[in-house]
Protein chains: 2
Amino acid sequence: MANKKRTTLKDIANKLNISPAAVSKAMHDDSRISIKTKEAVKRVAKELNYQPNHLASALRKGKSHLVGVIVPRTNSNFFSSVLENMESVLNKAGYNIIITQSNESFEKECKNIDTLLFTQVDGIIASMANETVDLSHYEKIKSNGIPLIMFDRGENDLNVDYIGINDYESSHIIVEHLVEKGCKRIAHIGGYRRTRIFNNRIRGYVDALKKNNLPIDDSLIIESSLTLEDGRREMERLLELKDRPDAVYVASDYAALGALQVLNENKVNVPKDIRLVGFGNEPFTSLVSPSITTVAQHSKDIGRITAETFLNHASKDDIKQSLNKIILDAELIVRDSSK
Amino acid sequence: MANKKRTTLKDIANKLNISPAAVSKAMHDDSRISIKTKEAVKRVAKELNYQPNHLASALRKGKSHLVGVIVPRTNSNFFSSVLENMESVLNKAGYNIIITQSNESFEKECKNIDTLLFTQVDGIIASMANETVDLSHYEKIKSNGIPLIMFDRGENDLNVDYIGINDYESSHIIVEHLVEKGCKRIAHIGGYRRTRIFNNRIRGYVDALKKNNLPIDDSLIIESSLTLEDGRREMERLLELKDRPDAVYVASDYAALGALQVLNENKVNVPKDIRLVGFGNEPFTSLVSPSITTVAQHSKDIGRITAETFLNHASKDDIKQSLNKIILDAELIVRDSSK
DNA sequence: TATATTTGCTTAATCGATTAAGCAAATATA
DNA sequence: TATATTTGCTTAATCGATTAAGCAAATATA
């Protein structure tokens, strides 16, 4: 069934004995079309179940009303929630989003960008893969003349709008919280400094220690990929230290969970012997025992503001892009692992 | 920068003093174009950084090479992995995917379908929201003349291809496993019977009990929404029974985790006193203690086969759709909670 | 009443890529 | 050598929707 052709403006025009141009204008409530004609057009459009051909209008107008989104993965609560809110804002403005996953791979990220540019998106919103160091594929987006917006994971060098949380400040909040609980030797299992957000977390951690007159001990500052396995391995290393830390701030919930497993296995009492703080507020942090203190990243706001930033660009003709950071404050969620 | 217009076929044609038609054919390696011309065209195309205008070719060819995908949520490991594999297969065949989330909402699902149809997708791949009972919006897809493929959560009534795991058989495997471990009173915290997959799991559970000559006890069969909270509440109810079960088969990992929390809080030894099995192989099942025995759903295969099924439809001109189920066997992953 | 303005449409071109039809030159075959 | 076929392109139409330009009729203004 249903192999009949789609209804076009021309079909409506023929039925009403007017020109397709008049039909197009009537559908868009042009002031130069009589109310009578408009009503007739809309009635017939409904009768024939007219669906505008988006491709044709996009081609003519030079806008596809599609926005490409690149995320490392969708299966984290953070990204999934960002996407949901981003989509809702963009849909209201008549844009649809094409979601792609880089799986933290540089190569996949390059491919995704090619794909999105090929699909003629009106803009790209991206959060960088961990692997990515070379930024030339992102420059390609800019030289294509469409807006590029980064969120959560960006790079200053790109000189585009960025929306994220205040990583530097988050580390302060975490350290202050642990100091308040009486901790004096706070370790940090962090990401690699070359990634902006992890560098900021490390800087925040160091500066917060200084502010509280605590000594900086390089053996307590660890860089890793922050997987669950990394968390396990680094926690084991920390436990072997002669002078064990009394708190560990881990820059990712997954690594924090790995650390917690090792602590539990070694019968180290959390939070009594060692307090633990993660980052990201992944759902499982509230599910394990003890539940893990962590930082919520305002995914809803990030999604919404990122979308609004794109719309702001899209409404302007000049595509002057510049570094424009919107930094949100993160929120500490205190749970059993640091109480 | 970069406000210069995009390169078109015409630009290449002008530079080489040939017609745009020849350029188009050269780019597509038409056999009627000389090798010399092809080489020249490709060289100039590269020089001018030519990117074909996808909208124009889609309009002309009547194909957008876009596939719409609707999932309840992307933030589960299962859906995220399905999407990843689906995308990879479709990309290779020249299709891009537009991912949308229904958030388990019927209304959002309807909106997503409208959006995708408006975007002129060549087909829709969907997994139904829990809320959905009325199927008329799915019928709309079919009457649009584009293929509809369902996976994981479908309905026989739709009469379209369906790819999923063997829920009925999965329940058998789980029950057999528990019986083997000596369990005699196996409870089932399941989903609502109106959802096909949950109904199948319940039927499988009941039939497997019969097969093993175990009595069917209605107080041990519970229907719920299978959230973590549901798991907690229903486990509490089961613990209040005079005659407690010695095993609980929960039809979702989240609810299984809720059940596990209650068991741990009540100092019930898992697996000694009560064995526990979940469903879905969410990452956290291997992370909690004790780790939860669960069922893996072959997300990779489902993604791949779903994509291939679509491609199969797309390559044919006639859009005869019929109920065609591809059922994969699930795999039991035995962990500490049932050892 | 004569001119200016507004209303309500039509005509024709356009967005780029594609393709059916066709033509001239080159090559193959009788 | 004469005809048939192949090669290598061009011409022109097309996919639908949109829009600048413009025209005739209706209405407003002088």
Side-chain angles (χ1 to χ4, degrees), chain A residues 4-42 44-45 48-66 94 117-122 144-146, chain B residues 4-42 44-45 48-66 94 117-122 144-146:
Chain A
K4 55 174 185 278
K5 278 211 196 107
R6 306 176 109 250
T7 305
T8 68
L9 283 187
K10 217 173 155 187
D11 298 328
I12 300 175
N14 287 342
K15 187 136 187 181
L16 291 168
N17 263 323
I18 54 175
S19 72
V23 176
S24 171
K25 285 176 190 161
M27 294 297 287
H28 291 92
D29 278 325
D30 188 296
S31 63
R32 296 282 286 274
I33 299 292
S34 70
I35 293 175
K36 218 167 118 186
T37 306
K38 280 181 192 167
E39 279 170 355
V41 164
K42 285 176 185 169
V44 174
L48 300 181
N49 189 28
Y50 171 69
Q51 300 259 125
N53 186 323
H54 167 254
L55 296 173
S57 85
L59 172 62
R60 179 59 229 254
K61 296 208 261 188
K63 293 234 162 202
S64 66
H65 281 267
L66 291 173
L117 290 178
F118 173 72
T119 315
Q120 230 83 7
V121 293
D122 288 347
N144 238 275
I146 59 173
Chain B
K4 56 179 183 276
K5 276 212 197 108
R6 306 175 111 250
T7 305
T8 68
L9 284 187
K10 217 173 154 188
D11 298 327
I12 302 176
N14 286 341
K15 186 138 191 179
L16 291 168
N17 263 324
I18 55 175
S19 72
V23 176
S24 171
K25 284 176 190 163
M27 295 295 288
H28 291 91
D29 277 324
D30 189 295
S31 63
R32 295 283 286 277
I33 299 290
S34 70
I35 293 177
K36 217 167 115 186
T37 305
K38 280 180 194 169
E39 280 169 354
V41 164
K42 283 174 187 171
V44 174
L48 300 180
N49 188 28
Y50 172 69
Q51 299 261 125
N53 186 322
H54 167 256
L55 295 173
S57 85
L59 172 61
R60 178 60 228 253
K61 296 208 260 188
K63 294 233 162 204
S64 67
H65 282 265
L66 290 173
L117 291 178
F118 172 71
T119 314
Q120 229 84 7
V121 293
D122 288 346
N144 238 275
I146 59 172

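Only heavy atoms go into these numbers, but all of them, side chains included; no hydrogens, no water, no symmetry mates. So that the names make sense, note that chain A is the first sequence line, chain B the second, and so on, each numbered from 1.
Atom NE2 in A/H28 sits about 7 Å away from atom P in D/dT19, given to the nearest Å. Rounded to whole Å, atom P of C/dT18 lies 6 Å from atom CG of B/L9. Taking atom CZ of A/R32 as the reference point, atom P of D/dA21 lies 13 Å away to the nearest angstrom. Between the P atom of D/dG16 and the CG atom of B/L55 lies a distance of 15 Å, rounded to the nearest Å. We find that NE2 of B/H65 is positioned 13 Å from C1' of C/dA17, with the value rounded to whole Å. With rounding to whole Å, A/K36 atom NZ is found 11 Å from C/dG8 atom P. Atom NZ of A/K63 and atom C1' of D/dA17 are 17 Å apart (whole Å). Distance B/H54 NE2 to C/dT18 P: 11 Å, rounded to the nearest Å.
Remark: side-chain polar atoms of B/K38 are paired, donor with acceptor, to backbone N or O of B/D30 under 3.5 angstrom. B/H54 places a side-chain N or O within donor-acceptor distance of the main-chain N or O of B/S64, the cut-off being under 3.5 Å. At distances below 3.5 Å, at least one donor-acceptor pair connects side-chain atoms of A/D11 with backbone N or O atoms of A/T8.
By the 4.5 Å heavy-atom criterion applied to side chains, B/R6 and B/Q51 are counted as neighbours. With a 4.5 Å cut-off on side-chain heavy atoms, B/L55 and A/R60 do not count as touching. Residues B/V23 and B/V44 have side chains not in contact (no heavy-atom distance under 4.5 Å, counting atoms from C-beta outward). The closest side-chain heavy-atom distance from B/N144 to B/Q120 is not below 4.5 Å.
The phosphate of C/dC9 has OP1 or OP2 within less than 4.0 Å of a side-chain N or O from A/T37. Using a 4.0 Å cut-off, no side-chain N or O of A/S34 falls inside it from OP1 or OP2 of C/dT7. A close approach under 4.0 Å does not occur between any side-chain nitrogen or oxygen of A/S24 and OP1 or OP2 of D/dG16.
Picking from D/dA17, D/dT18, C/dA17 the nucleotide with the shortest atom distance to the side chain of A/T8 gives D/dA17.
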Checklist entry - For every nucleotide of nucleotides 10-15 of chain D, 5' to 3': is a protein heavy atom under 4.0 Å from its base (B), only from its sugar-phosphate (S), or from neither (-)? => result BB-BBB

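D/dG16 is paired with C/dC15 under the Watson-Crick or G-U wobble criterion, all donor-acceptor distances under 3.5 Å. Searching all strands for a Watson-Crick or G-U wobble partner of C/dT27 with both distances below 3.5 Å returns D/dA4. With a 3.5 Å ceiling on both atom-pair distances, the Watson-Crick or G-U wobble partner of C/dC9 is D/dG22.
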